[in-house]
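Notes to accompany the following structure.
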Amino acid sequence: MGKKIVMNWIRQHYFDRLQLLLLGLAIAFVLNTGITWSLVSTGEISWQVIGIFTLWLGGILGAFFYLRWTRPYQDPLLFPLAALLMGWGMWLVARLAPNFMWRQVIWVILALAVLVVAAVVPARFRPLRKYPYTWMFGGLLLLAATLVFGVNPSGGGARLWLKIPFLPVFFQPSELLKILFIIFLASYFSQQESLKRLQRPGRRFGRLPYLAPLFLVWGFCVTILVWQRDLGAATIFFLVFLTLVYLATGDLQYVGGGILLLLAAGILAYFLFDLVALRIDTWINPWPEADNRAFQIVQSLYALGAGGVFGKGIGLGFPQYIPVVHSDFAFAAIGEEWGLIGTIFVISCFMVLILRGFRIAFQTKWPFDFYLAAGISVMFFAQTLLIMGGVSRLLPLTGVTLPFVSYGGSSLLISSLMLGLLIYLSDRSRREDQFDLHD
Amino acid sequence: MGFWDRQEREDRRQAADTAFQGRLYFFRIIIVVSISLLLYRVFWLQQIQGNQFVEQARENRTARLLLDAPRGVIFDRNGEPLAVNEPSFNVTITPAFLPSDEGERLAVFERLSLLTGVPVTNTLAQEQLIDAADPVLRQQYADLAELYGAPVDETLDNSGLIPQLPSSIQDVYETFSFAQYLPATIKSGITITEAYLIEQESVYLPGVRIIPEPIRRYPTGELTSHLIGFMGPLPSEAWLALGYQRDDRVGLAGLEVSLEPLLAGNKGERQIVTDWTGREIRQLGTTITPQPGYNVHLTLDMELQAQATEILSQTLQARREFADVDFFTGLREFREVELGVIVALDPRSGEVLAMVNLPAYDNNRFATEIPVDYYLGLVRNEYEPFLNHAIAGQYPPGSTFKVVTVAAALQEGVVSANRLLETPGTITIANQFAPNDPGRAQEFVCWISLPPNFGDHGAMNAYTGMAQSCDIYMYKIAGGFRDENIQGLGINTLGDYARQFGFGEIQGIELPLEAPGIIPNTEWKQINYGEPWSTGDDYNAAIGQGYVLSTPLQVAQMAAVVANGGFLYRPRLVHHLTDDLGNVYALDEDFNPIPAEDAGVPIDENGEVGFVPQVLDVLDVDQEFVDVVAEGMRLVNTMEGTGTSYIYDFDEDQERIPDWLLNFGIETAGKTGTSEFCDNLSQRKGWCTEEKILNGEVLPTHAWYVGYAPFDDPEIVVVAFMYNGGEGSQWAAPMVREVMAAYFEVDDYAPVEPEDDPQEQEPLDGDVSSN
């Protein structure tokens, strides 16, 4: 028993230092990037850049020290990773879409606040667990509202945003729905009754109760796809659902059936929606239409190719040839300006983040916590895989953001919220380890 | 210990289940595998494949260039060019390749502005214009705008108070910034010297390009503007779907629009690599060569067209200088005569030899851009210079229509050709609802009973009725006359024959906006006026008045049917097409090119392309009756007829040869027409008022004449029409005579001199209701 206390103490001590070291490295990288960008664009170190960096640094350090004080047992890797990605994304937006620079800085500060709140406030998620249907229904209502009041801040395209009254700000309900969806599933699976229902075919209705949830969620995703033309969100929701079902039941039939349904929906959508057909066509062979329908993806491939191993350096490539590079194609811009090193680094960051998320899920003591941590990790995984795979033409392109990096307030806030929850969960399970020792 | 805590305690056991851990491991493997795939993909893109991409992507990027196909050239029947392409250069900006920094971009714009003279912004000029505008009006509009909460600037812009400015560079940039990669034209039609100047400065002008673009020239300009038309920018976004690009020009009028797909050809394509300023580095793959448009060979005889235009313009001028004298008051009055039409057809095939409209416009002025003042001047002209009145103007054909009436009556056996009918100056028909009430009876008059003639025709048969254009004769055979036991044709039968002569239906010439004219019937009147058809309506229709409307082309068609013995040919302006290799094509009625062999078009050993006429209808009138009508038309041009002009005043016109071309061995036939009109324009001008109609006063008249020659073997039909021209025999017939003289190259045709002292007001050739 005493040994365990010592181990814990060492681990804690070591983690503390590790976290400080990592944060230091992240700050150094962001500072370096900012200075380089400033020199490249204006030939001097501009006050603007210093101001942005200071704001970011202040936010990071404030959040870090507050979390260290309130959540001493937190996972040491998560926060430095988020800080790094947010800082990087900030410069990327400044470089690619200077008009949005200050907006992005404000979003980063707000996101840090949300992260801290999410990591500190939850007390075992009672209200969340108690009223899963209410939350989910609220989220769906918001989503439905976009059908009526939806706008697209950049003019054309899918109208996935709601205008916040009195502020020049737009909000994307499908982002909020992500976390509500995970909470709903976590709450659903953590109740044994529902699990039993899933695992055993009932006598009266055969396999219907077994399959009903699958079709229900599939229908929900298809609805999102049809109403909102949001291919990315629909795919992500379905993948998260399948993963959690698998984790809960261990039944691969479910996963197989689900993937078949996903493919069926995809094939149907290919013939029904021009947008989906375009994405698939340009994925299979973009070259014949390189300057037309496939312009975006081809420019993205060029950008990645142009970057080579070491990249061109920030401000020295031409990633702005890619339409909407600052949101969906941030990864391609990184590929052009930071090269293979940059892309491998970003992928590694996300891989670490996701695997840490699963590790946290491992360590949780409560089913709800388990599903929540796993769901969040899968959400990050699906999102990063879809967009990075899409940009590099490994997968068909789906319009989702790269968490923390892409421009976009809603995505940033929700990603931070999810990360904050992960931090909370990591802290809680380790803290409970300690309580166990004292039991 | 609430319920939830208990629940959680139970749940804990489950979480410890090792099965969960196995699943998590499995899932971790999936994550690692997929991320490894992603890593390999990125490595492949950036390292292995990367070098190849870098090659393609270095300095960016490929662009697909559409190569414009040379537009087809239009020739007349003798090979004279009517529409050709000339080199010209456009200055364009491509928004994507302009500097993204606003200051740098403005610097480029300013340099470009110096070079081209196009202002960077219009703000200053706009302010100056606002300052120069009438301050009272400006204030009014501004007050109104504020009152209604409208934006003041926009209201002033749209009020027409301030002239619209040409687009500035900034305007063009903003308008086209959504089409980042397409060059947007700033100034078109610059000279090659200016083009070189700008190219020299290209280093300082990223995103600016000179694009050579042929512009359309019309060597014959105003002479053929109604036929050839003109081109302009895409009228709507819908054209983009047809494969046009935003800066393309398309036909907007005349043959340029009706033959647009044939003239335009198919674009070629080239994939090129450009540097970051958008200039070409090299080409990728092969070029798809453009397919030039078809060359169009018209049936038009340009020489005759030019002569006819001169004749029409001089006659209009002469008419304007000629004062009408009111018979009763002796007041001299000059008529407003602006609009005239001459159409010449080949009656053997329907080929249009000449088609002249005045007023005309110069289509060359629309070659690069639409000059606003000029365009608005034309649009506001009441005589609609843009309209091809020969096919789109609908006017009462007047007495020319009697050809149809007589032919129909003979064929239907209403009268025999030689039967004499009484033709007093007026006849009365009883009101069909109150036959015994003389107060409600309607009186129909013949033109000869009106001032200055106050006469009558006595008795007439088909020949003399035509020759003298006797209205009473026509009334009787068309509407019936009880006293002489004549069962009239009735409008429906008359209408059937009229359509066989080409009236009331679109004739299918290859020009846009052809009008069908109106041949009414009983049902038509019921629908449009809610009244039953009356005998009086029959009477009016018999002399081409009342509801009957036709285009000048249709009147020519009618004469052609008589001339060729009963065939209604589709009037044609396009003789044949040739492609760039010289292959000959015929144009079918759906505007598809058909290879000459398939279409049965003969080509002789000299390469002369033959013409296959297309029959629309065959006249259902026996040849003997057609001959009667033809003879009647011949008599019109003799001392017996109206066509000799001034028939009621032979003393003054002794020298005039009754059949004008007879001394050249060419006998002619024709029909005059003097049709009363009361259209919107005449009402606006006050020429035709309700009051005048009620008082039975003189209404304004159009002058018509249609003739063909030679009488025995007709080669040409000519119709002349003068809007508000007065007497057909006096003003239209001479024009036809001159055109025919020009065609046969016989007389040295001379402009018509106005008469010095006309004694008489011209008689009316129409009905004037006495009640």
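These numbers come from the heavy atoms of this one structure, side chains and all, not from hydrogens, waters or symmetry mates.
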**Asked** Do you know which of A:L340, A:V378, A:T343 has the most heavy-atom pairs under 4.5 Å to chain B?
**Response** A:L340
**Asked** Counting heavy-atom pairs under 4.5 Å to chain B, which of A:T243, A:L355, A:I354 comes out on top?
**Response** A:T243
**Fill in**
Whatever's closer than 4.5 Å to a heavy atom in chain B on A:Y246 counts as both
**Complete:** Sequence neighbours excluded, the answer for ring pair (Phe, Tyr, Trp, His ring centres under 6.0 Å) partners of A:F345 is A:W88
**Request:** State the CZ-CG distance between A:F381 and A:L386, to the nearest 0.5 angstrom.
**Result:** 9.0 Å
**Prompt:** Within the distance-only criterion (no hydrogens, no angle test), does the side chain of A:S46 pair as donor or acceptor with the backbone N or O of A:S38 below 3.5 angstrom?
**Reply:** no
**Request:** Kindly write out the residues that satisfy side chain to side chain donor-acceptor pair (under 3.5 Å) with B:Q170, not counting sequence neighbours, or none if the list is empty.
**Result:** B:E174
